[in-house]
Each structure stands twice: as structure tokens, then as C-alpha cells.
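Each remark here refers to the structure printed beneath this line.
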Amino acid sequence: MKFATWNVNSIRARISNVLSWLKTANPDVVMLQEIKVLDEYFPRLKIQELGYQCAVHGQKGYNGVAILSNRGFDNVLSCLPGGEEEDARYLEATIDGIRVANIYMPNGNPVNSKKYVYKLNWMKRLKARAEELLIEEMPVILGGDYNVIPTDDDVYDHDALQGNALIKPEIRAAFREILWLGYTNAFRAKDHTKHKYSYWDYSGGAWQNDHGFLIDHLLLSPQAADRLEDAGIDITPRGQKKASDHTPVWCTLADLADH
DNA sequence: ATGTCGCGCGATGCGCGA
């Protein structure tokens, strides 16, 4: 069973790229971030034509998350518990016995602003939810755009990002706190190659020069990690016309029947 | 020749967020 996370930077601007990638990559579940659209304008039909159902938590102009599934959904939850819902950044559903949480973490820049405090608080709430999800001992995937570069080897030049919320030690520490609950970073469990990225800025020739960051992650609970078969980053969509600035990160879990 | 993109607003550019 193949899972992917992809910040598409507007689903309406990216629909051709997304449909094309679904056909090529054939994922079972896709977590989309920054769909930037109200639920009623989400291009459901085109996606349904490829055999996916859509759970959507949209917002006008900014943010917004959706989950695509070719195996349906149960128990959809569209707010991260433990605080006021300010933005559409969270969506959770059960798919084939796996609890899937789609995360669009606040960016947090500039530091020492309300936005930075908001990010730290959001991370605390996510940690609490991540801990709660472990209690039932079902497989859990926390996937999405974390806006966290976990180590200096996950960015082309950490000096260039000094003072940026994506690499702040306390942000990294908050990310590690979630991992230490017992979650495994799927990509890093399968690939230790340094300087592998999921995001390249549109400006300054970042893509052409491979000046990227690794900020999109799939975190697996122990029961999900036990079923991890493979994981990777599919950089092809980033090189295509009218690309998102992010590219899909994916993993495959063994089906229960094969396990 | 140029070099970021997408959005809303409500205009045919600008400011914002990323």
C-alpha cells in the first residue's frame, strides 16, 4: 500500500500535474497540502475519475489540506485537537485500518513573531495528538509538510538559512520530541543519503542548482514502521512545467495479507 | 528578454505568504 505526501501549492493551479502523477505513481493514499481552495471548489470529479475519493478541509486562498484514497475513509477528523482552529492545516482519517494524519505545519517565519509562537504551539498540540494516537496501537502515519529541516544535512547550505524558523534548534527539538514518542521517519529509515530534498524555492535557480530543503516527512508509528517496505522522494514532478515548489515523498507499507 | 509563484481584491497591478 503506497502513501504519499505532496504540498501542491494550489490544487487548482496544479490539477494537471497532480492527475498526471497519480496515473504514473499509482499511490493508494495521498496527503495534499496548500490546496488553497474552499471545499466546494476542490476538483473532486477529475480525481474521482482516477478512482480516488477525496476528504477535503479547505480554506480560501491559503493553507487547506486533503486526503485522496482509493480505499475509502472512516472517522474523518478535520481539526487538530487542543486549540482554536485558526487555519485549515489538519485532516485525519482511517484508511484500511491505518490512521492517516495529514499535516500542514505553520511556517513560523519570521522568528520572534506571532507566527513563530503559533508554530511552536501547533507543534505541541501535534505532539499531544501523536501521543494519543499511539494508545490504540494501530498503525499511524503522520504525513505532511512539517516546515522543519531536521538536520544540517537536509538543506543545501545551513548557513544560508541561519535564523530561519525551519532550522531553529527549538523547532528541531520539537520535531524530535514527536519522533521520540516512538515514530519513525519513513524516508530516513530507508535512505541515509545526505542532501536529499523535497522542496526547492521557485526563485534564484534553486531547482537548477539543487538548493533544496527536506521538509516533507512521513512519520510512522511502531505498528506502521513494522510494515514499512520502501520509501523515497519522487523528484520528477518538480522538474515538470508549472511545478509545485514541493515534490512527493512516499512510502509503501505491507498489506496485512502479506504481513 | 527575462528569471518565483499563486492568491484575493477587484483590476488589468499590488501586497501578502511562502
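Below, each value reflects all heavy atoms present in this structure, side chains not excepted, and no hydrogens, waters or symmetry copies. The sequence lines fix the lettering, A, B, ..., with proteins before strands; numbering per chain opens at 1. Please read all numbers here as calculations on a predicted model, not as lab measurements.
If you check the side chains of A:D154 and A:T151, you find a donor sitting under 3.5 Å from an acceptor. Side chains of A:N9 and A:Y202: a donor on one and an acceptor on the other come within 3.5 Å. Residues A:K115 and A:N109 bring no donor and acceptor atom of their side chains to less than 3.5 Å of each other.
For the pair A:E86 CD and B:dG17 P, the computed distance is 14 Å after rounding to whole Å. Rounded to whole angstrom, the span from the CG atom of A:D245 across to the P atom of B:dC5 amounts to 10 Å. A straight line from OH of A:Y116 to C1' of B:dA18 spans 17 Å, rounded to a whole angstrom. One atom, CD1 of A:I11, and another, P of B:dG6, lie 13 Å apart when rounded to the nearest Å. The NZ atom of A:K36 sits 5 Å away from the C1' atom of B:dG6 (whole-angstrom rounding). We find that NE2 of A:H246 is positioned 15 Å from P of B:dC5, with the value rounded to whole Å. Rounded to whole Å, the distance from CZ on A:F213 to C1' on B:dA18 is 10 Å. At whole-Å resolution of the value, CD in A:Q59 and C1' in B:dC16 are 14 Å apart.
Between the P atoms of B:dT12 and B:dA1, the separation comes to 29 Å (whole Å). If you take atom C1' in B:dC7 and the same atom in B:dT2, they sit 23 Å apart, rounded to whole Å. Comparing the P positions of B:dC16 and B:dG10 gives a spacing of 15 Å, expressed to the nearest Å. Rounded to whole Å, the P atom of B:dG8 lies 25 Å from the corresponding atom of B:dG3.
You'll find that the side chain of A:N9 is closest to B:dG6, out of B:dA18, B:dG6, B:dT4. Out of B:dC7, B:dA18, B:dG6, the shortest distance to the side chain of A:N107 is found at B:dA18. The nucleotide whose nearest atom lies closest to any side-chain atom of A:Y202 is, among B:dC7, B:dT4, B:dA18, B:dT4. Of the candidate nucleotides B:dA18, B:dG6, B:dT4, B:dT4 has the atom lying nearest to any side-chain atom of A:S203.
The phosphate of B:dC5 has neither OP1 nor OP2 within less than 4.0 Å of any side-chain N or O from A:R238. At B:dG6, one or more side-chain N or O atoms of A:R14 fall inside 4.0 Å of OP1 or OP2 (strictly under the cut-off). Dashed line: the shortest gap from a side-chain N or O of A:K60 to OP1 or OP2 of B:dC9 is under 4.0 Å.
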Carefully, step by step, assess A:Y118 and A:D87 under the rule side-chain hydrogen bond (donor to acceptor under 3.5 Å, both in side chains). CA-CA 11 Å; A:Y118 177 52; A:D87 299 321; 3.0 Å; yes
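For B:dT4, the paired base is B:dA18 (Watson-Crick or G-U wobble, both distances below 3.5 Å).
Only one option out of A:L142, A:L228, A:N185 pairs with A:L220 in a side chain to side chain contact (heavy atoms under 4.5 Å, CB included); it is A:L228.
Not a single donor-acceptor pair under 3.5 Å links the side chain of A:D28 to the backbone N or O of A:R71.
In terms of position on DNA chain B, the residue among A:G204 and A:N63 whose nearest nucleotide sits closer to the 5' end is A:G204.
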